[in-house]
Amino acid sequence: MKRRHTARTRAPRLGQFGGAALSALALSLASATQAQDVTEPAEDEAQASNAEPAGDQGNAGGETAIIVTGIRGGLARSIDLKRQETSIVEAISAEDIGKLPDVSIAESIARLPGLAAQRVNGRAQVISIRGLAPDFTTTLLNGRQQASSGDNRAVEFDQYPSELLGSVVIYKTPDAEISGMGLSGTADLRTVRPLDFKERTVAVNIRGEKTEGDRLNDDVRNWGGRASISYIDKFLDGTLGIALGYAHLDSPSANRHYKAYGYEAFGSAVTPDSAANALLLNGQEVFATSRLNRRDAGIAIIEWQPDETVHSTLDLYYSKFRQEETTRGAQWFSNGFADNATFSDVTTETRGGSLIATGGTLRNGVPILRNDHNTRRDEIFSAGLNNEFKLDERTMFELDLSYSKNKRREQILETYAGYGRGIGGVTPATGDVGRTFDTIGFELAEDGYPSYDPGLNYADAAQVSLGDRAPWGGWGHDGAIRFPDVEESIGAIDAELSHEMDGFLSKISAGVNWTHRTKTKRVDDFDLFLKGGRQQALVDSQYLVDPTDLDWVGFGPVLSVDMSEALDVYYTRAPILDANYFDKNWDIREDVVTTFVKADFRAGNLRGNIGVQMVNQDQRSTGVVINGLEPGQPIVPVLRSAGDSYTDILPSLNVIWDLGGGHRLRFAASKTMARPRMDEMRANVTPGFNALVCTGQPCTPGQTVNPWSASGGNPNLKPWRAKALDVAYEWYVDRTTYFAVAGFYKKLDTYIYQRSDLFDFSGIPLPTTASSIPAGIVISPIGQITLPANGDGGTIKGVEFSGAIDLGTVFDPLRGLGFIGSLSLTDSNLNPADNGQEVRIPGLSGTIYNLTAYYERGGFQARISQRYRSAFKGEVVQLFATRGFTEILADKQVDAQIGYTFESGSLEGLGILFQVNNLTDSPYRTRLGLDSGGTKTSDGTSLLETYEKYGRQFLLGFNYRF
């Protein structure tokens with residue numbers, strides 16, 4: 001539905017293609033392009049004539065329209081998109097073809113009012129709209145739903161190069177014509193329509209880039225580049241249009257990672273006595289990660305309109321994204337209860353009312369060295385064929401066919417090494433094999449990297465050997481390798497009939513959409529064991545690279561192994577077929593049929609639309625129930641298939657009241673929904689049995705104990721459902737100056753959370769470990785099962801301020817100087833748990849702001865941008881390649897660029913650009929614990945968990961259009 005964005009939101013010739021230089025209403029980074037008044041071809045004046053007059057926007061008496069290009073041109077087109085849509089939207093539009101202001105489209109989208117990005121390894125990847133998690137957002141490409149390479153529905157935006165996009169529209173209020181609308185909003189990525197172009201256009205862009213400083217890992221480069229080429233032309237007397245685009249990305253990234261495991265007081269293990277009750281770090285890790293991101297993407301678009309009655313468009317998109325990640329470093333426990341560790345010369349200070357150890361010396365520390373090598377391959381293919389037929393002067397029929405497929409294949413490899421070499425491996429019976437105890441000085445910062453001073457040389461290849469070095473009898477293996485494999489496909493058929501009318505009702509539309517989605521996840525897990533009976537092994541020099549220096553925490557160099565070559569030389573693999581393995585494998589199938597009726601209306605200065613959708617959903621999941629828990633014996637999975645079907649009625653209303661003089665009011669009311677997360681719909685159920693239920697507590701004959709528990713998914717989950725109200729005031733001063741304030745209120749009728757209930761495990765036999773429970777104790781079959789469930793909702797409300805000003809419209813000597821900004825304030829009382837447990841909504845940042853200052857004149861361009869979001873609950877990859885939540889602290893990022901475009905002479909049209917991303921090298925930080933949990937100081941202050949820095953990214957490039 002609603003594929004014909006060219007008819008309603010058609011951007012001018014420069015704004016339809018090559019979003020590489022997206023310059024948005026909401027602070028998308030500006031690229032180096034020309035900023036001067038130009039004459040626009042008469043063919044492209046159609047859009048301006050459809051929009052409201054405002055300032056210098058249009059022309060009168062048939063005179064040539066005067067518009068702006070460059071930063072202000074992209075801004076003007078973004079404002080025009082926002083103004084034309086009946087729904088409340090935010091928009092970004094390309095300044096010119098194929099110019100790249102951001103690493104990905106996510107960076108640009110994150111600058112829109114009410115939107116925020118979550119950084120993953122330094123790059124914006126997923127987007128939250130109005131304080132709701134990415135799961136609540138639907139992403140479209142030219143109006144069609146896109147398959148995700150993630151574990152759920154949220155599209156990872158770094159899969160889509162902005163060079164190949166012309167505009168992005170974020171719907172904050174629904175339109176009944178669009179199927180699959182998200183509960184928080186919908187992101188529609190839009191590509192070129194070649195028949196909108198007046199003449200043949202070719203654009204070439206080249207960028208070189210480098211991450212600051214030396215290489216973190218010597219065998220991974222810290223420089224790369226990107227390039228794109230776009231070709232657009234028309235044939236057959238302008239009835240056939242072709243657009244071809246190719247974008248290549250070869251981008252490095254670096255991550256200096258530190259993580260604190262937790263804090264404890266170790267009493268008599270600490271000197272001086274005054275520090276005995278101080279909180280000390282009980283474990284830490286310091287890793288240097290280097291990553292290469294390579295992406296090749298292309299589009300092909302064929303548009304055919306032989307006459308006024310037929311209009312067909314074929315859209316093809318293909319992307320292959322490859323990531324290679326090398327991580328090296330050290331981790332160790334500084335725990336007074338492990339290895340008889342002691343702490344001396346401990347210094348302390350009071351933070352938040354609690355005594356915190358800030359420095360000292362650890363004795364009996366055993367660092368575990370890590371040499372990890374991860375790879376990921378993503379492959380996306382999308383195709384869509386849209387056909388419009390004009391049945392008569394007022395009646396249109398539209399048929400759209402689409403298909404989207406996404407495949408992801410990963411390797412997650414971790415290996416262990418340490419100082420010294422023993423016979424065999426670490427086991428509970430031989431707990432200190434090859435474990436050499438070290439004395440490590442430490443100083444801990446309140447908010448920043450710590451500093452360490454080890455006594456041993458961990459880069460000495462004659463002393464450092466491969467093998468498990470963990471305390472408490474080791475981890476039972478010498479490494480692990482996992483292969484997550486995710487595949488999703490979406491097929492859809494969309495039909496719509498519309499009829500234009502006279503009078504109050506200007507248009508009636510009706511249609512149906514059928515969408516079939518399948519998603520499969522497999523994770524093959526293997527333990528790694530050193531050959532020769534887990535014999536700890538020195539590494540041959542042919543597999544070594546220059547040591548990785550952890551100088552940024554004072555630890556010094558560590559032995560670095562090329563695991564892509566050494567893995568099969570030193571290790572054997574054994575499959576892990578535990579309960580966790582079976583729980584991570586599942587299949588989901590969905591069939592969703594959406595029918596809609598919508599009426600557009602207009603009466604004087606009032607216009608809008610009212611519509612309703614009926615959404616029929618059928619869902620089914622295939623998974624397993626585990627019925628065997630015998631130690632050392634194979635687990636017996638029992639195949640299970642379950643599901644349900646639901647129907648939702650979703651009305652929507654969008655109203656615009658034009659007050660004149662560029663002033664307008666908007667009002668929207670709707671009921672919205674979002675399908676459940678895919679992993680929470682899995683049919684898996686995994687039981688557990690606590691044979692040590694009587695350990696640490698008295699158990700007397702006749703007493704009843706409850707050792708059973710279980711967790712899993714819920715294939716019967718209903719959707720998230722909400723009611724929403726939106727109001728907005730907008731003032732369009734001229735094409736590049738506007739002000740808007742919007743308020744929104746969402747009442748979530750239902751919310752999905754993890755709920756614990758009682759469950760009868762009578763059908764599962766007791767494992768042999770139950771014999772460790774003392775005789776005479778009654779083992780109850782009733783235990784606790786934790787599954788996703790539909791709980792009570794709550795409210796989310798907020799206010800958004802946004803605007804842009806071109807100071808040249810106020811005072812001519814300031815021509816070319818301008819500002820763009822937004823501020824979003826959001827609050828929620830959402831707490832779905834019915835047992836008093838505090839559960840915060842993921843993705844909600846109470847405060848988000850964006851600010852850009854720009855200047856462009858005489859071919860010179862400069863801009864600086866800052867975006868900020870306050871702390872929020874975010875989803876990240878955790879242990880064993882599973883997803884989990886953590887508290888991500890406030891994040892602020894600054895980007896800047898300067899450039900020059902030749903306006904005359906033999907170099908006319910050539911642009912030069914220098915750009916710095918992450919100018920202030922802002923850190924990524926998380927805290928210990930989640931929601932109300934985690935170690936805190938006496939006054940409730942949280943303690944730092946993760947601290948990462950990614951370094952500045954420098955880009956130098958050229959662009960040329962002819």
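- Partners of E324 under the side-chain hydrogen bond (donor to acceptor under 3.5 Å, both in side chains) rule, at least two apart in sequence or in another chain, are H373.
- For the pair R925 and Y947, the cation does not sit on the ring face, since its NZ or CZ is not both under 6.0 Å from the ring centre and inside 45° of the axis.
- Under the side chain to side chain contact (heavy atoms under 4.5 Å, CB included) criterion, T436 pairs with Y419, L456, sequence neighbours left out.
- You'll find the side chain of L466 stays beyond 4.5 Å of the side chain of Q536, heavy atoms only.
- Using modelled atom types, one finds no donor on one side chain facing an acceptor on the other under 3.5 Å when comparing R370 with T327.
- With sequence neighbours excluded, the residues that form a side chain to side chain contact (heavy atoms under 4.5 Å, CB included) with E487 are K405, K407.
- Partners of W472 by ring-ring contact (aromatic ring centres under 6.0 Å, His included), not counting sequence neighbours, listed by chain and number: F333.
- Of the N and O atoms on the side chains of S148 and E488, not one donor lies less than 3.5 Å from an acceptor on the other residue.
- Here salt bridge (Lys or Arg N to Asp or Glu O under 4.0 Å) pairs that include residues 458-476, with residues two or more places apart or in two chains, are D468-R534.
- The ring-ring contact (aromatic ring centres under 6.0 Å, His included) check on Y416 picks up W475, H477, with sequence neighbours excluded.
- Residue pairs meeting the salt bridge (Lys or Arg N to Asp or Glu O under 4.0 Å) criterion with at least one partner in residues 560-572, sequence neighbours excluded, are D568-R573.
- T358 and T347 are linked by a side-chain donor-acceptor pair at a separation below 3.5 angstrom, with hydrogens and angles left out of the test.
- Remark: S149 pairs with E156, Q159, R376, D378, N406, R408 by the side chain to side chain contact (heavy atoms under 4.5 Å, CB included) rule, at least two apart or across chains.
- Taking 4.0 Å as the cut-off between side-chain N and carboxylate O, D447 and R351 do not count as a salt-bridged pair.
- For L928, the side chain to side chain contact (heavy atoms under 4.5 Å, CB included) partners are Y263, L943, E945, not counting sequence neighbours.
- The shortest side-chain heavy-atom distance between F483 and R409 falls under the 4.5 Å cut-off.
- Rounded to the nearest 0.5 Å, atoms OG (S253) and CG (N918) are 11.5 Å apart.
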Identify every side-chain donor-acceptor pair in residues 551-561 under 3.5 Å, counting partners at least two apart or on other chains, and give the distances.
from	atom 1	to	atom 2	distance (Å)
S560	OG	T548	N	2.9
S560	OG	T548	OG1	2.8
S560	OG	V558	O	3.4

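- Just one of N684, V523, D679, D578 meets the side-chain contact (heavy atoms from CB on, under 4.5 Å) condition when paired with D583; it is N684.
- Looking at residues two or more places apart in sequence or on another chain, you find no ring-ring contact (aromatic ring centres under 6.0 Å, His included) involving Y581.
- The shortest side-chain heavy-atom distance between W332 and Q284 falls under the 4.5 Å cut-off.
- Taking the ring-ring contact (aromatic ring centres under 6.0 Å, His included) definition, one finds that H248 meets it with nothing, sequence neighbours left out.
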